[in-house]
Amino acid sequence: MAEVRYNHKEVEKKWRGNWQAKPINVNDGKKPKYYCLDMFPYPSGSGLHVGHWRGYVISDVWSRYKMLHGYYVIHPMGWDAFGLPAENYAIKTGVHPKISTADNVANIKRQIKEISAVYDWDMEVNTTDPEFYKWTQWIFVKMFKAGLAYEKEMPINWCPSCKTGLANEEVVNGCCERCHSEVTKKNLKQWMLKITAYADRLLDDLDKLDWPEKVKKMQTDWIGRSYGAEVDFKVEGTDKKITVYTTRPDTLYGATFMVLAPEHEMAKELATDETRKDVEDYIYRASTRSNIDRMQDKEKTGVFTGSYAINPLNGAKVPIWLSDYVLADYGTGAIMCVPAHDDRDFEFAKKFNLPIIQVIAKDGKEIENMTEAYTEASGTMINSGEWNGMESSVLKKEAPEMIEKMGFGKKTTNYKLRDWVFSRQRYWGEPIPIIHCPDCGCVPVPEDQLPLLLPEVEKYEPTGTGESPLAAIDEWVNTTCPCCGKPAKRETNTMPQWAGSSWYFLRYVDNKNSEELVSREKADKYLPVDMYIGGVEHAVLHLLYSRFYTKFLHDIGVIDFDEPFKKLFNQGMICKKPDDVEKYGTKAMKMSKSMGNVVSPDTLVNDYGCDSLRMYELFVGPPETDAEWDDRGIDGVRRFITRFWNLVHESAGKNVPETEECVKLRHRMVHDITERLENFSLNTVISGFMEYNNKFIELAKKQGGIDQVTMENMITLLAPFAPHVAEELWEVLGHDTSVFENNKWPDYDEASMQDNEIEIAVQLNGKTKSVIKVAADISKEDAVAAGKEALADKLTGSIIKEIYVPGKIVNIVAK
RNA sequence: GCGGAUGUGGCGGAAUGGCAGACGCAGCAGACUCAAAAUCUGCCGGUGGUGACAUCGUGCGGGUUCAAGUCCCGCCAUCCGCACCA
């Protein structure tokens, strides 16, 4: 038969056209839905590299796999387009962010289409579209009305380079998550979202989610729930009291001093005439130090206030100190210190020569010459009055209620999670829809007047003063109060980039609805997301915020579920060694333009084809692991495709009869590929294709080709991975419909996979000596006998044990 | 400091406690070719041996087991997360 060479350009062009003319993923209203979502990208000017492809290929393979199981797959794409890069570009060039964003979207969309994923572009959303951010603002108004959005003046994280406030989650090692500048503190009036009101649900509901343990752990730690007690200490000689928070009320008898954060409201008044100067100096110094300085401290610092507190349990007089190792905004900003049982208190006590009293006996006795704190809540209480003899772990749990009953404290729960600083002093974001009225206070923009459009400006520069650039537009700022009609001013801060991305996944399924965020009918039918695929970098940012928003929208009745993403998959990064070894070293790093280690998919698609690149993206390594890119490897998958192409062309139309051997291989292939795919082991799916292809080629040589059903099965298995080639070969086999139409993922049965004769290893004392062929259903006795025969003269000495693992090994243990 | 992950040929990687190195890249040899490319065939962890074979080998040191890359204990290295949250 005439040779038909594989030409990827022709094949891919043809099938892209066919799919456009007749879409393959259609909603007939009868199929069950499956929602497979990618984390939507920021449309940057530098375009896509092969690292971006990886996640999109994984999600597309999974989507097409689900299509072949009879699902209508919701697989949308959109743009997270507010944010600093577009704004910075505008500052530099004067081009309005709206223009540059539209250009970037067009360019990236063109590049994404090269992947040939089954995205439904009718569902596309863009966070900067007023019809979209109308609902971002609507959610804010609803939160305001529910008391979850509030204004507060407080020292917040401030990035001096981006000239904006930041959320806690956006500060990494004391630096700005975006630009890595050192973050300072700035006192600003801010809009806050009360995410802490959802702390318990955000924590407890993690159990419901099929997410990587790593991400769940990170969220758990970030929320940081702890149980303990607040205890009131009277200040000696006054009628004032200081409340401390502790998770170890069992050690109350061991409290030998107390430390307040320098920012504590009582810090100054505790000073005496002798200590006043030192105390005020210390408070001043602490106020000037950045987080980074504080973190880098090797040694503890502190100052004695001159005042004493009274331990409410035993009346002991304990000195009150100030130190910046106590955080002002956690707990009560004050702690009781038990140096014997806390590392930090121990270090402080040693440095300032404060007494150390042990109250828990480790292994039944006091530790002599203590060199470090004994921090475990395990052991018998000592030096603790009526608590002596109790078990520390039991007391730890019971003490909060005991203290509450004794009347000098209460049981409490604390969280590391803080409320979300939601104001940004920047231009390119959603305006916060609030009007400040001198009489009525903060009034939300009426819902029927949303969206509140972002006005056009001449200058985008952030002012750096804590005012947004919007504050300079008088005609926009000055308005009237929707409540009383008197002159009022608009809020000029904008929302953070996370605002739109916290709920966008709800909008895809009803993106043209002008009446509702999403209709309840469509939400019930198509949501939530079944599979969410993206990088791990959003573990506590986007993923935590989205869960918060979803819970809120659930509570106000917009949707019926309260977790957005049932299953989460984090793909690894694609890395490459930088070209400039002298500047960046020889270690492979995440692709970035500045490092000069970006590989563009464009030339690879041109030279090898979309199908080859798709498969190679998966073949580079386990999908959840980072992988180092090497262009040369793509030859391997391209060779596989060509060899399979040739095999099908050689066998097509020949009516090769099914043989026992071929059927066996076919069932094994379907089994292996299915199992590996279900386990998300996509790299071994590709190697499986190669391995079985080699076997079929060998077989075809022997028997003059491969039967129709085997070829059809393999093409169907291949279809999610290399859809163009699969379609073409499906047609070659005589089908006039798509491989995704009237077709389903093939089945296998275990019985058909079995061999009559199998190879087993024969071991002597656990070491393999030879391999023998035996009947698959051989008995232990016969297998052992065959094993002994194979070992023959090697088998000297007496036999201690005989082991037969069916289908695997015979092991003879001899002396 | 605390927590988590990872460590296997020249390289990417594969192995429900059961023949370590599947599959691929690179390399070597051969076939085809005037030649090259492409394609096809074979070899491809170390050491010893012409050879069948022997022996060592999954970061290091112990242990459990008939049998350990895999399980347990103790280290080392790299990466990631958190970092005075009382």
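Being a predicted model, the structure only gives us computed values, none of them experimental. Residue numbering restarts at 1 for every chain, and letters A, B, ... go by the order of the sequence lines.
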Could you list, one pair per line, each protein nitrogen or oxygen that sits under 3.5 Å from a nitrogen or oxygen of nucleotides 2-5 of chain B, together with the distance?
{"from": "B:G3", "atom 1": "O2'", "to": "A:Lys217", "atom 2": "NZ", "distance (Å)": "3.3"}

Centres of the A:Tyr616 and A:Trp629 rings: under 6.0 Å?
yes
Please say whether more than 12 non-hydrogen atoms of neighbouring residues, nucleotides or ligands are located less than 6.0 Å from NZ in A:Lys241.
no
My validator wants the stems of RNA chain B: runs of 3 or more consecutive Watson-Crick or G-U pairs, both distances under 3.5 Å, written as range with range.
B:1-7 with B:76-82, B:10-12 with B:23-25, B:27-31 with B:39-43, B:45-48 with B:53-56, B:59-63 with B:71-75
Is any side-chain N of the basic residue among A:Glu802 and A:Lys788 closer than 4.0 Å to the acidic one's carboxylate O?
yes
Taken to the nearest whole Å, OH/A:Tyr325 to C1'/B:A86 is 8 Å
Could you tell me how far B:A22 sits from B:G9 if I compare only their C1' atoms? Round to whole Å.
14 Å
Looking at A:Lys695 and A:Glu691, is there a salt bridge between them, counting it only when a charged N and a carboxylate O are closer than 4.0 Å?
yes
Nucleotide B:C23, atom P - distance to CD of A:Glu698 in whole Å
12 Å
Roughly how many Å is it from CD in A:Glu347 to C1' in B:A83, rounded to a whole number?
14 Å
Does anything in residues 409-418 of chain A come within less than 4.0 Å of RNA chain B? Heavy atoms only, and list the residues if so.
A:Lys416, A:Arg418
Quick one: what's the B/S/- string for nucleotides 11-21 of chain B, heavy-atom cutoff under 4.0 Å, read 5' to 3'?
-BSS-B-BB--
How far does the C1' atom of B:C72 sit from the matching atom of B:A86, given to the nearest Å?
35 Å
Look at all strands and tell whether A:Asn694 reaches a base, only sugar-phosphate, or nothing, counting heavy atoms closer than 4.0 Å.
sugar-phosphate
Atom-to-atom span, CG of A:Leu718 to C1' of B:C23 - whole angstrom:
15 Å
Taking CD1 from A:Ile800 and P from B:A67, how many angstroms apart are they, rounded to a whole number?
11 Å
I'd like to check the salt bridge (Lys or Arg N to Asp or Glu O under 4.0 Å) partners of A:Lys217; sequence neighbours left out, ordered by chain and number.
A:Asp221
Geometric class of the A:Trp321/A:Phe348 ring pair [parallel <30°, tilted 30-60°, perpendicular >60°]
perpendicular
Closest heavy-atom pair and its distance - A:Leu209, A:Lys216
O-NZ, 2.7 Å
Using whole Å, what does the distance between atom P of nucleotide B:C23 and atom CD1 of A:Ile673 come to?
14 Å
Check the pair A:Tyr804 / A:Asp782 against side-chain hydrogen bond (donor to acceptor under 3.5 Å, both in side chains), numbers first and verdict last.
CA-CA 10 Å; A:Tyr804 173 57; A:Asp782 292 348; over 6 Å; no
Hey, are A:Thr684 and A:Ser687 close enough side-chain-wise for a donor-acceptor pair under 3.5 Å?
no
For A:Thr301 and A:Tyr282, which I'm curious about, is there any donor-acceptor pair between the side chains at under 3.5 Å?
yes
May I ask you to decide whether A:Arg668 forms a salt bridge with A:Asp755, counting only side-chain N to carboxylate O separations under 4.0 Å?
yes
Closer than 4.0 Å, any side-chain N/O of A:Lys300 to the OP1 or OP2 of B:A86?
no
In whole angstrom, give me the gap between the C1' atoms of B:C79 and B:G74.
22 Å
If we take the C1' atom in both B:C19 and B:A68, what is their distance in whole Å?
14 Å
Which residue, A:Asp345 or A:Ile686, contacts RNA chain B at a nucleotide closer to its 5' end, judged by nearest heavy atom?
A:Ile686
Given the 90°-from-0 boundary between syn and anti, B:G9 should be labelled syn
Nearest-angstrom distance, P atom, B:C25 to B:C80:
32 Å
Winner on side-chain proximity to A:Tyr330, out of B:C23, B:A86, B:G81, is B:A86
Identify the pairs formed between an N or O of the protein and an N or O of nucleotides 38-40 of chain B at a distance under 3.5 Å, and give each distance.
{"from": "B:C40", "atom 1": "OP1", "to": "A:Arg643", "atom 2": "NH1", "distance (Å)": "2.8"}

Measure across A:Tyr545 and A:Glu169 and return the closest heavy-atom pair with its distance rounded to 0.1 Å.
OH-OE1, 2.9 Å
Would you measure the distance from the C1' atom in B:G69 across to the matching atom in B:G18 and give it in whole Å?
13 Å
In whole angstrom, what separates A:Lys590's NZ from B:C79's C1'?
15 Å
Test side-chain hydrogen bond (donor to acceptor under 3.5 Å, both in side chains), reference A:Asp250, set A:Ser384, A:Ser393, A:Ser392, output is A:Ser392
Would you mind telling me which of B:C66, B:A86, B:A83 lies closest to the side-chain atoms of A:Lys801?
B:C66
Would you tell me whether A:Lys590 and A:Asn597 have side-chain atoms, one donor and one acceptor, within less than 3.5 Å of each other?
no
Rounded to whole Å, please give me the gap between OH in A:Tyr692 and P in B:G24.
14 Å
How about A:Asp672 and A:Tyr692: does a side-chain donor come under 3.5 Å of a side-chain acceptor?
yes
Roughly how many Å apart are B:C66 and B:C60, using the C1' atom of each and rounding to a whole number?
26 Å
Can you tell me how far P in B:A37 sits from the matching atom in B:A20, rounded to whole Å?
38 Å
Ranking B:A26, B:C84, B:C23 by distance to the side chain of A:Glu691, first place goes to B:C23
